[in-house]
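These notes are about the structure you will find just below.
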Amino acid sequence: MSLTATDIERIAHLARIRVTPDEVVQVQAKLDGIFKLIDEMQAVNTQGVQPMSHGLDMVLRLRDDVATAANERDKFQKNAPQSAEGYFLVPKVIE
Amino acid sequence: MTWEVVIGLETHVQLTTASKIFSGASTAFGAAPNTQATMVDLALPGSLPVMNKGAAERAVKFGLAIGAKVNQRSIFARKNYFYPDLPKGYQISQFETPIVEGGSLTITLDDGTEKIVELTRAHLEEDAGKSVHEQFDHETGVDLNRAGTPLLEIVTEPVMRSSKEAVAYAKALHGLVRYLDICDGNMQEGSFRCDANVSVRPVGQKEFGTRREIKNLNSFKFMQQAIDFEVRWQIEQIEDGKKIVQATVLFNPETGETKAMRSKEDAMDYRYFPDPDLPPLVITDEMFARIKASMPELPEAKCARFMSQYGLPKYDARLLTQDGATSAYFETATQAGADAKLAANWTIGEVNATLNRDEKTIEQSPVAASQLADLIKRISDGTISNKIAKTVFETLWSGDGASVDAVIEAKGLKQISDVGAIEKIVDEVLAKSPAQIADYKSGKEKALMSIVGMVMKASAGKANPAQVNEIVKRKIS
Amino acid sequence: MSWNTFATVAETKKALDAKQVSATELATHYLDRAHALQPALNAYITLDREKTLAEAKIADNKLAKGDAAPLLGVPIAHKDIYLIDGWKTTCGSKMLENFIAPYTSTVVKNMADAGMVTLGKLNMDEFAMGSSNETSHFGSVKNPWDLTRVPGGSSGGSAASVAAGLAPASTGTDTGGSIRQPAMFCNLTGLKPTYGVCSRYGIIAFASSLDQAGPFARTAEDCALLLTAMAGFDPNDSTSLDRPKENYSRDLAKPLGGLRIGLPKEFFGEGVAPGIAKAVDEALAVYRKLGATTVEVSLPNVKYSVPAYYVVAPAEASSNLSRFDGVRYGHRAAEYTDLMDMYKRSRAEGFGAEVKRRILIGTYVLSHGYYDAYYLQAQKLRRLIAHDFKKAYEVCDVVMGPTAPEGAFQFGSKSDDPVKMYLNDIFTICANLTGQPAMSHPCGIDKDTGQFVGMHVIGNYLDEARMLNVAHQYQLATDWHTRHPVL
């Protein structure tokens, strides 16, 4: 499986990462090698095998419905690149 | 060509939990921005979701109420996309295995006919935050108080064939989720939001037409307007030889029009996969049984009971049982001694109409069910006529008058049933109506009604209409 | 005060209890040494003398009052992936260069509750993605044994700091070998517990279904003490195992008579450096002498570990790292035209090349049309690999082999070829995919390269106490783990 430059641009856009045309070429070369490695697993017939997402088959624990959290806005917003009047700010979104 | 309209609805129902679906933040509406957003809601590095039992219980409750298959093992998945009010860059939702599959809801249309609306699924997910665009000149503000509020997304099959059906379904669903007490139903605050998938096709064609999705309909009125506009627009397009392109559209209540949103540069590719932070949601048999046992009487069962217990026609029973508050109002009145049929007529008729006029819910009704019962008792015992009862009702509604009897007393509305008194009024009226008497004698039955009407008017509506009728007839025959 | 900077945790605790040294003296000693060797090793990202000494002072006060917290006063350094309230927490990335953690991770809190004093935050591969510590935004960590070689990764700072005597012990995280491989490269003992034993709450996620916290120390005995402090059920992590606390030191003294060691033929084939194979063989001879028997087992699907891992880990990472969007915290580009441009520039600038590469891989394998062929297939392979181990445990108690196919390598020797780098984790990855516990302990030197060799001990689920017992008995009989670099 080899990825085209268009593939790289598409996934970079999906992942919101800016890539220059030079970077596309570099990334493409590296990803080709990695997908060659990854594609080795296609050799295995896994029909009927249950996918496994955790080592020990766990079940979701359920928390009692109680509002326990205090307001920590000031502390949390100290790390914000831009905030005002309690809001996080981003460039204007036009809808 | 005649066209058939095809509509499917997706409804986002905010669940009435005290805390968010994956964090301990409060879900209360209207707090200052970002004061109800924990590290989980802000997606701080290292934060992890912990599932709220109350949200799961409400979803199961809904599944049971619509006769659906409740998946006792369901999976949370991540829906990946970037948006400022989606702090993790993904929404935790359910994809391949939702908690509720199938089920149906019976709706009653204006003409009294019923229709079964099949549901595809209902799944649990988290709400996004809110973006404010007006408050800042060059920026959009992000408030994550709403982020993580539990939602049940309820999806129908494309089975509705008119905006009226869609609205009837939305109203029935709205009634049901409030009845089950899993959603407060507050549409202004966004607790109940509908998206409508609309397409048209020539009558007789099997394949569906291309659909457009109208987003975020937050009132029944707008839903009807938006769908009607959209249907007309689609038909015009096709009749003009144009093709419908799949799109997401917004309804503008000011213009009454739907308009496609700026087309997305990229086709959405949400990259769903099971959320590794959340093992499968398992509803144990014990939990399932407990929820089942705690279910309130469902509208369907209650409707049947109202018919047998109170001898009501199906139409009345159906309307009374669409939401819990209305049926409770009716039953309270009945238990207080009101005649069932009269109580049904009044609840569906006068009470409902006046509530609509004043934009009130039945819980906010100024006339309590016990007062309605008193009123009906006075109709039944002949103290007042049905018509006078409406005057009493209006008086109580506007807050003038402590009780039914007090209003009747104060306004002198008591019905006149004394034969002598009625005869006196009849005689007075007959003396002034030789023409009508002649008409009646020449065979015009209508003339009798006219004389009775005049007597009633002369008595200020207080004369017992049955007695008036009888006395007039006797005197002029 | 003269302090043996290479003292074990157990020895340090004894000295504290005997009032031979104070927590403040220890903290001062390690801080001074860490500062002195920082230019040479670059092991730390953040040192904060004031905070550390404040903690030490509290510990000393408690010691004076006879407080019985099990590790009271013992210093510990944390990988910079753990959030600690008020501490800068960078995850080795420019993205979080200025991020001050507003809360504390459960593992760090547990260790603080056990009385440990935080020395600082350790350098690491960016977002724990790397096997050589060359991807850190803050520069690579040097191997204290040979400054031209890598310390391993991603927990390179965790390994280098303990090996160089800048801390008696440290925490790491292990997603594909990030504790065990650096432990081997720096001649330490390192343990990745069963998935769910240590809480992930407050640890910056790389691949949620694979990440586990674990300790680095000089000895298995120390690892047992540290794990006992770190581990425990945490209601804030939905994948945390709800089970009673364990004392992982309980079985250390058990003799190894009757122990059955499984030797997968897949771990001893081609690709393993001959010097490493030889050292492992010699170590196995020691185990036999201690009463263990060895039996050959087969793990036929384990060869697909690396491909499956490079689907699962990037897929989860691509999603986990979406939150770094420059909105609520983290790097935001200085200039941008609109929201889309802000996202793309902030993320392009904030993430390094390897992180971006893995985000792209993950985005691709999850994207429309590829999910079944990649992510689902990989998740099925996890099941097959777990099944292989399950069968192996029918005839053995632990599985052993080399931790990595080659020892510490020169800087730059693999950084241009990601596949070569990835294959260094070929033996460690399977335990992350299955969720089993696994550890590495020193077991000799590759005579061809002069580099250390680690014995990889993989155990059945929740069998940490037995594995620590195994390694401890080996360490009682050998002295590889007692060697220290001269710095």
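Here is the naming used below: chain letters follow the sequence lines, and residue numbers restart at 1 for every chain.
- Per-residue heavy-atom pair counts under 4.5 Å with chain B were compared for A:Gln77, A:Glu72, A:Gln82, A:Arg10, and the maximum is reached by A:Gln82.
- To the nearest 0.5 Å, atoms CZ (A:Phe88) and CG (B:Leu144) are separated by 6.0 Å.
- In terms of heavy-atom pairs under 4.5 angstrom with chain B, the leader among A:Ser53, A:Pro51, A:Ala70, A:Pro91 is A:Pro91.
- Taken from NZ in A:Lys92 to NE2 in B:His138, the straight-line distance is 8.5 Å, to the nearest 0.5 Å.
- Annotation for B:Asp143 and A:Tyr87: closest pair CB-CE2, 3.7 Å, computed over non-hydrogen atoms.
- The main-chain N or O of A:Asp65 is never found under 3.5 Å from a side-chain atom of B:Lys53 such that the two would form a donor-acceptor pair.
- The shortest non-hydrogen separation linking B:Leu278 to A:Leu60 is CD2-CD1, 3.6 Å.
- With a 4.5 Å cut-off on non-hydrogen atoms, B:Leu281 touches chain A through its backbone and its side chain both.
- Among the candidates A:Leu62, A:Asn79, A:Val90, the residue making the largest number of heavy-atom pairs closer than 4.5 Å to chain B is A:Val90.
- In terms of heavy atoms, B:Pro279 sits closest to A:Val59 at CB-C, 3.8 Å.
- With a 4.5 Å cut-off on non-hydrogen atoms, B:Ala32 touches chain A through its backbone and its side chain both.
- Both the backbone and the side chain of B:Met39 come within contact range of chain A, judged by heavy atoms closer than 4.5 Å.
- Between B:Thr38 and A:Ala69, the shortest heavy-atom distance links the atoms CG2-CB, 3.2 Å.
- Most heavy-atom pairs under 4.5 Å with chain A: of the set B:Thr27, B:Val142, B:Ile21, B:Leu44, this distinction falls to B:Val142.
- Contact annotation for B:Glu57: neither backbone nor side-chain heavy atoms come within less than 4.5 Å of a heavy atom of chain A.
- Between B:Thr35 and A:Arg73, the shortest heavy-atom distance links the atoms CG2-NH1, 3.7 Å.
- Distance alone, capped at 3.5 Å, is enough to place a donor-acceptor pair between the A:His54 side chain and the B:Pro276 backbone.
- Contacts of A:Ala84 with chain B are made by both backbone and side-chain atoms, with heavy-atom separations under 4.5 Å.
- Among the candidates B:Phe22, B:Phe82, B:Phe76, the residue making the largest number of heavy-atom pairs closer than 4.5 Å to chain A is B:Phe82.
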>> Under the criterion side-chain contact (heavy atoms from CB on, under 4.5 Å), I'd like the reasoning laid out for B:His133 against A:Val93: C-alpha separation, chi angles, the key distance, then a yes or no.
In response: CA-CA 7 Å; B:His133 305 293; A:Val93 181; 3.8 Å; yes
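- To the nearest 0.5 Å, atom CZ of residue A:Arg63 and atom OG of residue B:Ser23 are 6.5 Å apart.
- Between B:Gln36 and A:Asn71, every side-chain heavy-atom pair lies at or beyond the 4.5 Å cut-off.
- Ranked by heavy-atom pairs shorter than 4.5 Å toward chain A, the options B:Ser26, B:Gly54, B:Pro280 are led by B:Pro280.
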